[in-house]
Amino acid sequence: MVYDAGNYTCKVFNTQFNYIKRLSGPPFKREPLAAMEFDIIENRLYVVTYYNDGMKLYIYDNNFILQEQHILEEKLSTVGADEEVIISLAFAKASNNYWYICTNFNIFQKLKNRPVKTLGRYQSDRLKLLADTLSQEVSYIWNFTDTDYDKADFWWNFNDTTTAGANALIADNRFKGIGVINNYNDKDDIVLLTDSRIYAFKEPYTFKSVTKYNTYPNFGASKLTINRDEYIQTATINKEIYKILNDIYTLKNNLIGRFTGNYDAAGIFTLEDYNYNIDLTEFNSVDINQYYIHENEKAILGVINRAFKSVYELQVKLVELTEVDYGSNLIPVYNLEEGTLILE
């Protein structure tokens, strides 16, 4: 794959450098190419472009046919005179659902099945935090790195000083790229490049569940259909409403709690575990018959709207009841004064 900047197009070549085709989809003149990378696990090409003040993602299959496009939720920022630019993309190997966008200021961790949303963000500014200034989690350059930095006997991250109490840090240490080189025991070997050094660490992909079972019987969206041979009548519509209600109540009956977490000292929220702080008593406040259409109801359009509105409100209620428990902790606020972080 070669990007032809003069003609605003991506060209596909084979291993003998014979031209195959050009990539259709992104209007590169309006959306400049930011980065592209091939996902060898799922045989798909990811192309990210600059879109307004953010990013847009194009996903192609192994025949380079456009399959999906998404406007991502991240907004690119400006720090001083420096603008945020996209450096590279990377894909997890220990899990087939994680991928990363690396900019000079941030690394965004994302899910393939929900590419619009951001799963987590790591900021380059956190690289400047001292091990003895804040908590251990904050000092680590990644959530799960195993390196104990406060016991490391080196001074190359300071300016001409050999005293542990000094707070003189090196100049800005921006990201230059991220790569995944291997995986072992469900942990990826991550290599993180910056202006002045290379970080290497393992990133595990561990999962917790707030349902009794990992899988349970459900109809799913693919089973919602009305056969063209069926008459549009009360029984036909109720049959489809039943499928939706069955899936909602099956999920509700399998819930054992909701996820919980806390803000760390840098103000980044981290999911930790789950608790039983969930009240499902109000979930059954509406008579189940109110979700169905009755034979004696004549205004069919208004009746259908009423039934599906009730089903939608039930879905919203389940989502609200299972939202992450943030607790009562406030996000900490810091000011940077002469190289020292001050908690307000």
Side-chain angles (χ1 to χ4, degrees), residues 1-15 18-78 83-124 175-180 188 190 203 205 220-225 244 247 312 315-316 319:
M1 181 71 65
V2 176
Y3 178 59
D4 183 352
N7 294 303
Y8 302 102
T9 184
C10 276
K11 298 178 180 179
V12 181
F13 295 84
N14 63 16
T15 54
N18 296 315
Y19 173 78
I20 303 297
K21 63 186 297 186
R22 74 174 183 176
L23 223 54
S24 62
F28 289 117
K29 196 168 186 177
R30 297 196 307 270
E31 300 175 22
L33 177 68
M36 59 182 173
E37 190 69 36
F38 196 79
D39 177 13
I40 61 174
I41 294 180
E42 296 189 350
N43 290 321
R44 299 200 299 176
L45 175 68
Y46 279 51
V47 176
V48 175
T49 64
Y50 293 103
Y51 182 82
N52 295 333
D53 58 347
M55 298 176 278
K56 191 170 182 179
L57 170 67
Y58 296 86
I59 303 177
Y60 297 82
D61 63 14
N62 58 351
N63 293 314
F64 302 103
I65 298 174
L66 182 63
Q67 300 294 312
E68 304 174 32
Q69 52 183 304
H70 306 275
I71 299 174
L72 306 183
E73 69 174 4
E74 296 86 0
K75 300 299 180 184
L76 300 177
S77 58
T78 300
E83 294 185 356
E84 186 169 16
V85 295
I86 300 166
I87 305 297
S88 63
L89 312 178
F91 297 93
K93 295 183 178 180
S95 169
N96 64 353
N97 198 29
Y98 288 91
W99 66 293
Y100 303 91
I101 299 177
C102 177
T103 75
N104 51 337
F105 297 154
N106 296 285
I107 292 175
F108 300 102
Q109 187 180 45
K110 304 177 73 67
L111 295 173
K112 294 180 185 177
N113 60 349
R114 295 185 64 197
V116 172
K117 298 296 182 181
T118 301
L119 179 66
R121 180 180 69 144
Y122 186 76
Q123 299 168 280
S124 63
F175 295 131
K176 290 297 185 181
I178 185 175
V180 183
D188 271 332
I190 303 290
E203 172 78 351
Y205 303 98
S222 62
K223 299 295 179 63
L224 294 176
T225 179
I244 301 174
D247 287 359
Y312 173 75
Q315 292 173 320
V316 171
V319 171

**Report entry** Y60 side chain to S24 backbone, donor-acceptor under 3.5 Å
**Finding:** yes
Query raised in the report: Got L111 and Y98 here, is their nearest side-chain heavy-atom distance under 4.5 Å?
Result: yes
Report task. Using the six-membered ring wherever Trp is involved, compare the ring planes of F64 and F38 and label them parallel, tilted or perpendicular (cut-offs 30° and 60°). Result -> tilted
Report summary line: Taking every heavy atom of D247 against every heavy atom of G220, the minimum-distance pair comes out as OD2-N, 2.9 Å
**Report entry** Heavy atoms from other residues, nucleotides or ligands near OH of Y312 exceed 12 (cutoff 6.0 Å)
**Finding:** no
Query raised in the report: Donor-acceptor pair, K112 side chain versus N96 backbone, under 3.5 Å?
Result: yes
Query raised in the report: With side chains defined as the heavy atoms from C-beta onward, is the minimum distance between Y50 and V85 less than 4.5 Å?
Result: yes
Query raised in the report: Between the side chain of D4 and the main-chain N/O of T9, is any donor-acceptor distance below 3.5 Å?
Result: no
**Report entry** Geometric class of the Y122/F175 ring pair [parallel <30°, tilted 30-60°, perpendicular >60°]
**Finding:** tilted
Report summary line: The reported gap from CG in L45 to CG in D61 (rounded to nearest 0.5 angstrom) is 9.5 Å
Query raised in the report: Quick one: does T118's side chain get under 4.5 Å of K110's, heavy atoms only?
Result: yes
Query raised in the report: So, do V47 and E31 sit near enough that their side-chain heavy atoms are less than 4.5 Å apart?
Result: no
Report task. Measure across K21 and N63 and return the closest heavy-atom pair with its distance rounded to 0.1 Å. Result -> NZ-O, 3.4 Å
Query raised in the report: Should we say atom CD of E83 is surrounded by more than 12 heavy atoms from elsewhere, each under 6.0 Å from it?
Result: no
Requested in this report: Check for a donor-acceptor pair, side chain of K75 on one end and backbone N or O of D53 on the other, with a separation under 3.5 Å.
Outcome: no
Report task. Say whether, by atom type as modelled, one donor and one acceptor occur between the side chain of T49 and the main chain of Y51 under 3.5 angstrom. Result -> no
Report task. To the nearest 0.5 angstrom, please state how far the CD1 atom of I178 sits from the CD atom of Q109. Result -> 8.5 Å
Query raised in the report: Under 3.5 Å, side chain of N97 to main-chain N/O of N113, donor-acceptor pair present?
Result: yes
Query raised in the report: What do you reckon, is NZ of K223 surrounded by more than 12 foreign heavy atoms closer than 6.0 Å?
Result: no
Report summary line: Separation between CD1 (I65) and CD1 (I59), nearest 0.5 Å, reads 15.0 Å
Requested in this report: Kindly say whether G54 contributes a backbone atom to a donor-acceptor pair with the side chain of N52 at under 3.5 angstrom?
Outcome: no
Query - Close side-chain approach of E84 to E74, heavy-atom, < 4.5 Å - result: no
Query raised in the report: Taking it one step at a time, do Y58 and L66 satisfy side-chain contact (heavy atoms from CB on, under 4.5 Å)?
Result: CA-CA 7 Å; Y58 296 86; L66 182 63; 3.9 Å; yes
Query raised in the report: Where do L33 and C10 come nearest, in terms of heavy atoms and distance?
Result: CD2-SG, 4.4 Å
Report summary line: Note: N14 and I20 closest approach over all heavy atoms is N-CG1, 3.8 Å
Query raised in the report: Should I190 and V180 count as side-chain neighbours, where that means a heavy-atom distance under 4.5 Å?
Result: yes
**Report entry** For the student: nearest non-hydrogen atoms of L57 and L72, plus distance
**Finding:** CB-CD2, 4.0 Å
Requested in this report: Taking the side chain as every heavy atom from C-beta outward, state whether I40 and F91 have any pair of such atoms under 4.5 Å apart.
Outcome: no
Requested in this report: Measure the spacing between OH of Y8 and CZ of R22 and express it to the nearest 0.5 Å.
Outcome: 14.0 Å
**Report entry** Gap between atom CZ of F108 and atom OG1 of T103 - 0.5 Å precision
**Finding:** 5.5 Å
**Report entry** Pairwise distance CD(Q69) to CD1(I71) - rounded to 0.5 angstrom
**Finding:** 8.5 Å
Requested in this report: Assess the side chains of E37 and S88: does a donor N or O sit below 3.5 Å from an acceptor N or O?
Outcome: no
Query raised in the report: Are any of the side-chain nitrogens in K93 or D188 under 4.0 Å away from the carboxylate oxygens of its partner?
Result: no
